[in-house]
Engineer: 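Sharing a structure below in structure tokens format, with a few things to ask.
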Amino acid sequence: MSTPPSPEKEAKPSNFVRDIVIQDLASGKNGGRVHTRFPPEPNGYLHIGHAKSICLNFGLAKEFGGKCNLRFDDTNPSKEETEYVDSIIEDVRWLGFDWDDRMFYASDYFEQIYQWAVDLIKKGKAYVCDLTAEQIREHRGTTTEPGKESPYRNRSVEENLDLFTRMRAGEFPDGSRTLRSKIDMASPNFNMRDPVMYRILRAHHHRTGDTWCLYPMYDFAHGECDSIEGITHSICTLEFEDHRPLYDWYVENLDIHHPQQIEFDRLNLTNTVLSKRKLLLLVQKGIVSGWDDPRMPTLSGMRRRGYTAEAIRTFCGNIGVSKTNGIVEFSMLEHFLREDLNKKAARVMTVLDPIKVIIDNFPDGQVDQLEAVNHPDDPSMGTRTVPFSKVIYIERDDFREDPPKQYFRLSPGREVRLRYAYFVTCTSVVKNEAGEVTEIHCTYDPASRGGNSPDGRKVKSTIHWVSAEHGIDCEARLYENLFREASEDEVEAQETEWAWLTPNSMINVTGAKVEPCVKGAAAGTLYQFERVGYFCVDKTSTPEMPVFNRTVALRDSWAKIEKGQKPK
RNA sequence: UGGGAGAUCGUUCAACGGUAGGACAGCAGACUCUGACUCUGCUUAUCGGGGUUCGAAUCCCUGUCUCCCAGCCA
């Protein structure tokens, strides 16, 4: 705390929030302390948008030798559940952050917040209002007209105290009265037109149970919680800019530690939706299998899909923090994902759409054990042996009877390399009645064992394969973006139709063949299926039937070439 | 219509009165036992109009556009 590490100017791209922290440190504000917090409401699962906030808050604390608290903003019991609390704890940990013993709940402070409300009443700055929700709305005025003062605004301190005590005691029905702060009904900022501080609400709270029948509103709780915890920089999203005057009003009138609220832009990503409400809808309507469906942008969904915490952190550190309302392209996320997966994923050969290849001159019954590296750039990941035999499978797309221009893979008369194995040349094909190729016949060059020919001749393509006798069956789940439209605005317009969903956003490939070495791999194990994509073992996987999620496909420049050829 | 906040390559973030730069995407090439990875090169931007200044993305004025706000949600 006394000697915060000096920020490495070069290493990290700065942002305006970080600049504020640096300035405060330089000026000696807060006694050189940096203390942030991540304050989710436990009413849903965390998503990639929260990751941005988590990385910012925990990241700033870490960078400047400060602290970051995890705090649950649980002031509305009607929406909150322990299931969400548990998932949030798991997700923040998984992302790689630690709050030591500083996990708090707004509900920890209910008594203190209540006492502060009493203080404000005593100072004549808060009053009990008997107006209905409807009437309060009518009194609030409009953008152009000032609001009207509540007829209960000038109750005596004694009466307010008595009423507020009885509110707490449960003497009045839900919604019958509120405690409001006495600020300014003519303020151009609606938040200042005598905002409600407490509402009567008989809902079972996931932590405090039924001990309270009145709960503080966000505005009256948040700054106070920050203050209690000694937060220095209270970082939140842009929609709270209008709330800052109220945030400041409460801590000033209570005369308590005054954290600085700083607002930044929330993350928007193309082709997905980052709104708890909409994600909840997807779960409730059964459009996805749950919060951890691999198509969901939730941290649990992404984790199951095979995203790594490091990739998400790197992404968050690179998208920047500003106050502009933008939308980040999904390809940016995929870039950082691939970058990390490329380093970590062991290579293995898997044929998603198999077609049989028979090596006519390969001895019947012979099995060659060929050595393959687990990672081309990381020898420490070791090697494995891959069984090779007379009958193998290759990818249907790796053979063309009539190859288009620039197609380098197998076709009649052409020689290619089977990765880690041999050069093979296609000699003939067998077709069914429909004229579809069902079997490819090849000859192999025994001298090319291991993948290189002693005479130095080259092939233009290397393809992956799996021995028919040794390969094991597996399922591969291929995912598309859940949302076909790039932006949420377009989604909004079509929401009732659900037409914005990508049809068949999950394709379950059942006939795939994979190398035997993956048998029994634990859920979450990452692989690169060579030339196909990054996959991870799904939680539903069994040794008998491995199940893989495609995390993200490999970049595919041939697909681009081919696409460009189509219109001709 | 009142208040608040924004506007820089296709996207995103920098540049804090002194050469508009990075990342992603795109394009072209090199390399390659993954058409992957890696490497090289290239294309493209200061919302409009006025000012101030030797000099403006940056300061001033003005216009335009976008986002947020009228929950007893957070």
Side-chain angles (χ1 to χ4, degrees), chain A residues 13-15 19 39-41 43 73-76 78-80 129 131-134 136-138 140-147 174-180 187-193 195-201 214-215 217-219 221-222 236-245 263 265 270 276-277 318-336 338-339 342-343 347 349 372-373 376-377 406-409 417-421 423 450-452 458-464 486 528-533 553-562:
Chain A
S14 198
N15 61 66
D19 290 343
E41 181 187 16
N43 67 344
D73 219 335
D74 56 349
T75 57
N76 183 1
S78 62
K79 289 186 176 179
E80 297 150 6
C129 182
L131 255 26
T132 63
E134 174 88 4
I136 286 181
R137 194 181 323 124
E138 285 163 2
R140 194 155 22 229
T142 66
T143 50
T144 45
E145 308 155 36
D174 285 10
S176 60
R177 284 179 224 260
T178 55
L179 182 72
R180 302 175 67 183
S187 171
N189 181 347
F190 287 108
N191 295 122
M192 303 300 273
R193 319 246 262 224
V196 171
M197 297 162 65
Y198 269 93
R199 75 283 213 183
I200 303 174
L201 179 62
L214 74 177
Y215 292 92
M217 299 288 289
Y218 164 85
D219 285 305
H222 202 89
C236 62
T237 45
L238 249 27
E239 67 269 25
F240 291 103
E241 279 175 325
D242 286 340
H243 294 244
R244 187 171 0 111
E263 310 86 10
D265 61 339
T270 59
K276 276 189 194 172
R277 200 193 97 246
N318 279 276
I319 50 176
V321 178
S322 71
K323 290 171 88 81
T324 47
N325 275 298
I327 181 161
V328 176
E329 286 178 353
F330 204 84
S331 59
M332 182 91 80
L333 213 206
E334 289 183 324
H335 166 78
F336 292 107
R338 290 195 184 101
E339 186 177 69
N342 181 46
K343 280 186 292 192
R347 312 290 134 121
M349 292 191 287
V373 296
D377 308 315
Q406 296 182 73
Y407 184 87
F408 304 142
R409 282 111 94 149
R417 172 168 38 231
L418 295 176
R419 190 149 166 82
Y420 309 121
F423 284 11
N452 281 304
K458 303 282 185 202
V459 288
K460 293 200 83 173
S461 180
T462 299
I463 63 177
H464 61 281
Q528 185 198 90
F529 291 175
E530 293 208 64
R531 305 208 307 127
V532 177
L554 252 29
R555 285 172 57 109
D556 186 351
S557 56
W558 162 244
K560 278 184 193 167
I561 293 169
E562 195 181 27

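What's counted below: heavy atoms across the whole structure, side chains too, no hydrogens, waters or symmetry copies.
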Engineer: Is there a side-chain contact between Met217(A) and Thr178(A) in this structure, where contact means two heavy atoms from C-beta onward sitting under 4.5 Å apart?
Structural biologist: no
Engineer: For rG35(B), take OP1 and OP2 only and decide whether either is under 4.0 Å from a side-chain N or O of Arg409(A).
Structural biologist: no
Engineer: Do any side-chain nitrogens or oxygens of Arg555(A) fall under 4.0 Å of OP1 or OP2 in rG26(B)?
Structural biologist: yes
Engineer: Can you tell me, in whole Å, how much space there is between the P of rA56(B) and that of rG51(B)?
Structural biologist: 12 Å
Engineer: Quick one: stems for RNA chain B, with Watson-Crick or G-U pairs under 3.5 Å, at least three in a row?
Structural biologist: B:2-7 with B:64-69, B:10-13 with B:21-24, B:26-30 with B:38-42, B:47-51 with B:59-63
Engineer: Hey, is the side chain of Glu329(A) pairing donor to acceptor with the base of rU12(B) inside 3.5 Å?
Structural biologist: no
Engineer: Taking only side-chain N and O atoms of Thr324(A), does any of them lie within less than 4.0 angstrom of OP1 or OP2 on rC13(B)?
Structural biologist: yes
Engineer: Taking only the side-chain heavy atoms of Asn325(A) (C-beta and beyond), determine which of rC67(B), rC13(B), rG71(B) contains the nearest atom.
Structural biologist: rC67(B)
Engineer: Sticking with atom C1', work out how far rG2(B) lies from rC59(B), rounded to a whole angstrom.
Structural biologist: 28 Å
Engineer: Can you check the Asp265(A) CG to rU12(B) P distance for me, whole Å?
Structural biologist: 10 Å
Engineer: On the nucleotide rG2(B), are OP1 or OP2 found under 4.0 Å from the side-chain N or O atoms that Thr142(A) carries?
Structural biologist: no
Engineer: Between rA5(B) and Arg244(A), is there an OP1 or OP2 to side-chain N/O distance shorter than 4.0 Å?
Structural biologist: no
Engineer: Kindly indicate whether the side chain of His464(A) and the base of rA36(B) share any N or O donor-acceptor pair separated by less than 3.5 Å?
Structural biologist: no
Engineer: Quick check on Lys343(A): does its NZ atom have over 12 non-hydrogen neighbours (other residues, nucleotides or ligands) under 6.0 Å away?
Structural biologist: yes
Engineer: Does rU32(B) have its OP1 or OP2 closer than 4.0 Å to a side-chain nitrogen or oxygen of Lys460(A)?
Structural biologist: no
Engineer: Taking the C1' atom of each, how far is rA20(B) from rU46(B), in whole Å?
Structural biologist: 8 Å
Engineer: Is a donor-acceptor contact shorter than 3.5 angstrom present between the side chain of Asn318(A) and the base of rC24(B)?
Structural biologist: no
Engineer: Hey, is the side chain of Ser331(A) poking within less than 4.0 Å of OP1 or OP2 on rA25(B), counting only N and O atoms?
Structural biologist: no
Engineer: According to side-chain hydrogen bond (donor to acceptor under 3.5 Å, both in side chains), who are the partners of Tyr215(A), at least two apart in sequence or on a separate chain?
Structural biologist: none
Engineer: Side-chain donor-acceptor pair under 3.5 Å between Glu134(A) and Thr132(A), yes or no?
Structural biologist: no
Engineer: Could you give the CG-to-C1' distance, from Leu554(A) to rU34(B), as a whole number of Å?
Structural biologist: 7 Å
Engineer: Counting side-chain heavy atoms from C-beta on, which of rA74(B), rG35(B), rG2(B) comes nearest to Glu239(A)?
Structural biologist: rA74(B)
Engineer: Over all strands shown, is Phe240(A) touching base, sugar-phosphate only, or nothing at heavy-atom distances under 4.0 angstrom?
Structural biologist: base
Engineer: Would you mind telling me which residue lines up with the more 5' stretch of RNA chain B, Thr144(A) or Asn342(A), judged by nearest nucleotide?
Structural biologist: Thr144(A)
Engineer: Using only side-chain N and O atoms of Thr462(A), determine if any of them is under 4.0 Å from OP1 or OP2 of rG35(B).
Structural biologist: no
Engineer: Nearest-Å distance, NZ (Lys323(A)) to P (rA7(B))?
Structural biologist: 10 Å
Engineer: In terms of side-chain heavy atoms of Arg137(A), which of rG71(B), rC72(B), rG35(B) is nearest?
Structural biologist: rG71(B)
Engineer: What does Glu334(A) touch in the nucleic acid at a heavy-atom separation under 4.0 angstrom: a base, only the sugar-phosphate, or nothing?
Structural biologist: nothing
Engineer: With P as the reference atom in both, quote the distance from rU1(B) to rU64(B) in angstrom, rounded to an integer.
Structural biologist: 9 Å
Engineer: Would Glu41(A) and Lys79(A) pass as an ion pair if we require N to O under 4.0 Å?
Structural biologist: no
Engineer: Less than 3.5 Å between a donor and an acceptor, one on the side chain of Glu145(A) and one on the base of rG2(B), is that the case here?
Structural biologist: no
Engineer: Any base atoms under 4.0 Å from Ser557(A), or only sugar-phosphate, or nothing? Heavy atoms, all strands.
Structural biologist: sugar-phosphate
Engineer: Is any side-chain nitrogen or oxygen of Lys343(A) closer than 4.0 Å to OP1 or OP2 of rC37(B)?
Structural biologist: no
Engineer: When the C1' atoms of rC31(B) and rA23(B) are compared, how many Å lie between them, rounded to an integer?
Structural biologist: 24 Å
Engineer: For a 4.5 angstrom cut-off between non-hydrogen side-chain atoms, does Ser176(A) reach Ile200(A)?
Structural biologist: yes
Engineer: Does rC73(B) have OP1 or OP2 sitting under 4.0 Å from an N or O in the side chain of Arg199(A)?
Structural biologist: yes
Engineer: Side chains of Leu554(A) and Gln528(A): does their closest heavy-atom pair fall under 4.5 Å?
Structural biologist: yes
Engineer: Would you mind reporting whether Arg531(A) and Arg419(A) have side-chain heavy atoms less than 4.5 Å apart?
Structural biologist: no
